[in-house]
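Within every chain, numbering begins at 1; the chains are lettered A, B, ... in the order of the sequence lines, protein sequences first and strands thereafter.
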There are 2 protein chains.
Amino acid sequence: MTAQPVASSRRDELLAIAAELFATKGFKNTTVRDIADSAGILSGSLYHHFDSKESMVDEILSTFQDELFGKYSEILAGSADPRAKLEAVVRVSFEAIDQHRNEVAIFQNEADYLGTFDRFAYLADRNQQSRDVWMTLLNEGVSSGALRKDLDIELVYRFIRDTVWVAVRWYRPGAKLSHHDIADQYLTILLDGITS
Amino acid sequence: MTAQPVASSRRDELLAIAAELFATKGFKNTTVRDIADSAGILSGSLYHHFDSKESMVDEILSTFQDELFGKYSEILAGSADPRAKLEAVVRVSFEAIDQHRNEVAIFQNEADYLGTFDRFAYLADRNQQSRDVWMTLLNEGVSSGALRKDLDIELVYRFIRDTVWVAVRWYRPGAKLSHHDIADQYLTILLDGITS
DNA sequence: TAGCCTACCAAGCAAGTGTTTGGTTTGTTA
DNA sequence: TAACAAACCAAACACTTGCTTGGTAGGCTA
């Protein structure tokens with residue numbers, strides 16, 4: 001059973017195969033032999049392209065994170081009002097789920113554990129950076145009067161963060177609702193609630 | 001480094017130790033030697049109490065699920081209106097996170113993968129059962145006019161389910177906000193939104 | 001056509017894994 | 001005090017794991 005994802009180089013191809021397996025089965029549950037099998041080669045041959053299994057996740061996660069936080073920065077640097085920026089961050093996140101499903105899933109499932117190793121300390125940094133993005137926007141929203149003042153901001157932050165990213169567990173591209181639709185409905189619930 | 005959770009029998013004690021490790025490090029990342037070390041015994045001695053490492057998670061998960069779904073059934077069988085029942089299910093769920101943090105975490109992190117094995121087929125059944133609970137309440141809510149009609153019910157269900165359970169990732173008993181507080185704020189956001 | 005590079009194979013190793021087996025300790029009960 | 005069971009030890013086994021090593025096939029280039 002060999003997979004053939006679209007990728008420029010053989011190296012990228014193997015990374016895509018690994019990402020798919022890591023996302024589906026988990027990092028620890030995926031063996032280098034699993035990856036090699038899916039690629040139609042022997043496990044030892046992977047080491048012509050990569051130093052270790054760990055360096056594969058490393059590259060998958062860091063590449064994705066760099067791209068994502070680049071987009072966050074652009075939004076924050078823009079001139080839109082707090083609420084619009086908040087909406088934009090939500091939409092960019094759902095877009096990431098749509099375009100980088102495996103990477104998001106790996107991050108969601110493995111970051112906590114991998115973060116305990118020195119090599120993946122940057123995951124915690126990015127996490128903090130992400131928190132800063134959201135907290136800044138939420139505090140600005142409350143200050144400007146756009147958001148209600150009776151809620152615990154820290155709690156709202158966690159609520160938004162988790163709800164957005166956990167969607168990767170069920171979202172599949174090409175389904176009835178596009179990631180744009182989902183972002184719309186999610187923002188509606190978040191901003192106005194589900195009561196009539 | 002030995003742990004000493006409160007438990008009636010040695011068997012329950014060992015299960016609690018295993019649950020803590022499974023929740024923190026993941027099932028696959030936890031070795032039987034890890035469990036034995038935490039309990040202050042040798043790995044082989046675990047097999048006096050359990051058939052296998054798998055049967056440990058099995059027992060942890062099934063016991064927890066039986067208890068949880070018992071509570072769900074009670075609520076559904078009650079005479080409260082849809083909105084009150086919906087609130088009750090949310091509160092019971094946050095209570096479960098408070099009282100059975102490890103079990104919830106294990107379920108959240110491992111159910112998808114474990115569910116691919118015959119032995120854990122009941123996890124998928126419970127999942128379907130849980131969906132029925134929520135969808136019934138949401139549909140009743142829309143019918144009765146309590147909830148808005150312009151949202152995709154299936155989507156609302158997933159959002160609620162995910163946001164409630166994902167709280168296990170950051171919630172710690174004894175923190176500033178109790179699980180009652182969190183349920184309150186969560187229901188406020190869900191029902192009325194965060195805008196002022 | 002000689003040299004070189006990319007991608008891979010074939011075979012294996014050392015460490016770690018879940019599990020088994022036979023025996024020992026300790027407390028309780030008849 | 002003899003018998004018994006629960007809890008555990010000590011040592012090992014078979015297997016899986018990530019990774020290494022030396023070599024090879026085939027295409028490209030000078």
Would you say D:dA7 has OP1 or OP2 under 4.0 Å from some side-chain N or O of B:Ser45?
no
Is B:Arg10 near enough to D:dC8 that one of its side-chain N or O atoms lies under 4.0 angstrom from OP1 or OP2?
yes
Per A:Leu42 side chain, nearest of listed nucleotides C:dT19, C:dC9, D:dC8:
C:dC9
Touch check for B:Thr31, heavy atoms < 4.0 angstrom, all strands: base, sugar-phosphate only, or nothing?
sugar-phosphate
When the distance from NZ of A:Lys53 to P of D:dT20 is rounded to whole Å, what number comes out?
15 Å
Check whether any side-chain nitrogen or oxygen of A:Tyr47 sits under 4.0 Å from OP1 or OP2 of D:dT20, and answer yes or no.
no
Could you tell me whether B:Ser52 contacts a base, only the sugar-phosphate backbone, or nothing, with contacts defined as non-hydrogen atoms closer than 4.0 Å?
sugar-phosphate
Within the structure shown, what part of the strands sits under 4.0 Å from B:Ser55 by heavy-atom distance: base, sugar-phosphate, or nothing?
nothing
Contact nearer the 5' end of DNA chain C, comparing A:Ile41 with A:Lys28:
A:Ile41
Starting at NZ of B:Lys28, measure out to CG of B:Asn109 and round the result to the nearest 0.5 Å.
16.0 Å
With respect to the side chain of B:His48, which nucleotide from D:dC8, C:dC9, C:dT19 is positioned closest?
D:dC8
Looking at C:dT19, C:dA7, D:dC8, which one has an atom nearest to any side-chain atom of B:His49?
D:dC8
Is atom CG of A:Asp51 surrounded by more than 12 heavy atoms (other residues, nucleotides or ligands) closer than 6.0 Å?
no
